[in-house]
Amino acid sequence: MAATPTLKKALNQRQLRMIAIGGVIGAGLFVGSGVVIGDTGPGAFITYALSGVLIIMVMRMLAEMAVANPSTGSFADYSREALGHWAGFSVGWLYWYFWVIVVGFEAIAGAKIVQYWVDVPLWLCALVFMVLMTATNLFSVKSYGEFEFWFAGVKVAAILVFIAIGACFVLGLWPHKSLDFSNLTSHSGFLPMGAGVITVGIVTVIFSMVGPEIATIAAAESSDPEKAVARAANSVIMRILVFYVLSVFLIVTIVPWNDSGLAASPFVAAFTEMGIPYADHIMNAVVLTAVLSCLNSGMYTASRMLFVLAARREAPAPLLTVTVRGVPANAILFSSIVGFACVVAAAFAEKTIFAFLLNSSGAIILFVYLLIAVSQIVLRYRRGDTELRLAMWLFPVLSILTILAMLAILVQMYLDDKLRSQLVLSLLSWAVVIGLYFVAKRFNRGKDQRNPADAEIDEMA
């Protein structure tokens, strides 16, 4: 039997570093943070801090497993090793489903931003974005890394510029401006809706922070995966603290939390308050870059997860096809087709089919993170910690607390009338995946009976 095709290790440390930095900055920060601020008040930055702690814990657990075994190319393998094939199958397909929905959503979001400047059909513009990002991923992994390096660079630069001039504005280093933190308390208090809304907001914020785990997948296509994963895990703390917590703190300090402009674009509202000209055009360009970055990474992540599933015989074998450049072409094309189907649904059936797709993926990332956390505990007890080069802090206390926190978020979703449908439909998606697992298992069992040599090879793998 022929060996499984391999992906080309073409990502360099410069690209991986920026993928890791940019992976935590989604378009949700530039737009969605305004909704969180409006629902929480000036204390919204505490919500971002608590959500960041959860992401940091998951990333640390994932990094422990990835550094101990960096060659698998997918964290679905850790769940498979710890909990069984059903868990690996679940993580792989749920994560793939989450990202292809994101791909469609981001393509539509990018098209809507373009419509701010040019009157062009939504579906056509979204299609152009899909084609461009698919072509980028198909060309080579190096081209993906280079595009992501510059996309992420624009996002990072925009936030750093905002933090620099925003700090000057708040600290009184701005022309005709004195030290002023009054917006934190002068509009009905620091937490005008009560302290309870801090935890409610975590449900929304956690989804805008999804992405740092992409670095562990991309690391498999680098020359030094162990070093790349360790660096990504160690730097995620500072990235969340600076890009999310500090920037949201400055926004609520510069602009009153109940300002009507925050809902549309909090960064535009803050820049406008500071008197920066053309703030709307500047930030729309930055948000478009963030959207394309997310679309690019989503396409990459979905295709690699699909490739690994095919390598484990949990997805059709043709998805293993690799080009001479070391790119999983069929996995990219299949993910792109499904992503474009989401674009069509958004363009022509936004309130029905597309709304269903979005809701059915709403809690999926929490399911994936939950399985990662449980897998880390199981593998840590199974392997011990004598040879770990990067370990989870205060094991097992923090690991268990992280799992309990995620379960609490899921309960919060169930108790919230607006989010309950997302939880129920996401559970339905997981049930469908489990059903497909048993179908695939039965199919592979029949195939193994016809070809015992293949079964023996799978057992050795």
Side-chain angles (χ1 to χ4, degrees), residues 22 25-35 99-139 143-144 146-159 161-162 208 259-300 302 332-333 335-355 357-358:
I25 308 172
L29 170 63
F30 295 105
V31 181
S33 54
V35 176
W99 277 108
V100 291
I101 299 298
V102 168
V103 163
F105 176 80
E106 296 294 344
I108 288 293
K112 288 181 177 178
I113 294 170
V114 171
Q115 285 185 328
Y116 183 81
W117 296 301
V118 182
D119 185 16
V120 61
L122 194 71
W123 67 270
L124 180 61
C125 189
L127 173 61
V128 170
F129 287 147
M130 290 289 296
V131 170
L132 286 174
M133 293 303 101
T134 301
T136 299
N137 277 268
L138 282 173
F139 186 72
S143 66
Y144 155 74
E146 200 60 28
F147 266 75
E148 192 56 27
F149 175 83
W150 292 107
F151 284 158
V154 171
K155 292 189 293 185
V156 171
I159 294 179
V161 167
F162 169 75
S208 71
D259 187 285
S260 58
L262 282 175
S265 181
F267 284 85
V268 169
F271 276 129
T272 303
E273 181 69 21
M274 290 185 285
I276 305 296
Y278 306 109
D280 53 345
H281 293 286
I282 294 170
M283 286 313 301
N284 267 329
V286 171
V287 174
L288 179 60
T289 305
V291 164
L292 292 178
S293 170
C294 194
L295 176 55
N296 192 35
S297 288
M299 190 76 71
Y300 171 85
I332 292 171
L333 289 171
S335 300
S336 176
I337 290 169
V338 176
F340 181 65
C342 295
V343 168
V344 173
F348 300 103
E350 183 176 2
K351 297 187 182 300
T352 53
I353 298 175
F354 190 62
L357 290 172
L358 280 179

Distance, nearest 0.5 Å, that separates CG of Leu295 from CG of Leu288: 10.5 Å

Answer whether the closest heavy-atom distance between the side chains of Phe162 and Val286 falls below 4.5 Å. no

Drop me the distance from Lys155's NZ to Glu148's CD, to the nearest 0.5 angstrom. 5.5 Å

Backbone of Leu292 reached by a side-chain donor or acceptor of Glu106 within 3.5 Å: no

When rounded to the nearest 0.5 Å, the distance separating OH of Tyr278 from OG1 of Thr272 is 13.0 Å

Got a donor-acceptor contact below 3.5 angstrom from the Thr134 side chain to the Met130 backbone? yes

Minimum heavy-atom distance between Ala346 and Ile108, given as atom pair plus value: CB-CG1, 3.5 Å

I want to check something: taking the side chain as every heavy atom from C-beta on, are Thr136 and Tyr300 in contact at a cut-off of under 4.5 Å? no

Taking every heavy atom of Val268 against every heavy atom of Ala279, the minimum-distance pair comes out as CG2-O, 3.8 Å

Are any of the side-chain heavy atoms of Phe129 and Val343 separated by less than 4.5 Å? no

What's the shortest heavy-atom distance between Cys342 and Ile101, and which atoms? SG-CD1, 3.6 Å

Under 4.5 Å between any side-chain heavy atoms of Ile159 and Leu29, yes or no? yes

To the nearest 0.5 angstrom, please state how far the CG atom of Asn137 sits from the CG atom of Leu132. 11.5 Å

Heavy-atom side-chain proximity of Ser265 to Asp280 below 4.5 angstrom: no

Hey, does Asn284 have a side-chain heavy atom less than 4.5 Å from the side chain of Trp117? yes

Are there over 12 heavy-atom neighbours, none belonging to Phe271, within less than 6.0 Å of that residue's CZ? yes

So which heavy atom on Ala126 is nearest to which on Ala107, and how close? CB-O, 3.7 Å

Show the nearest heavy-atom pair for residues Ile332 and Met299, with the distance to one decimal. O-SD, 4.1 Å

Just wondering, do Val344 and Trp123 contact through their side chains at under 4.5 Å, heavy atoms? no

In this structure, CG of Leu333 is separated from CZ of Phe340 (nearest 0.5 Å) by 14.0 Å

Approximate separation, where rounding is to 0.5 Å, of Cys294 SG and Phe105 CZ: 9.0 Å

Answer whether the closest heavy-atom distance between the side chains of Ser297 and Phe147 falls below 4.5 Å. no

Can you name the nearest heavy-atom pair linking Ser293 to Ala152, along with the distance? OG-N, 4.5 Å

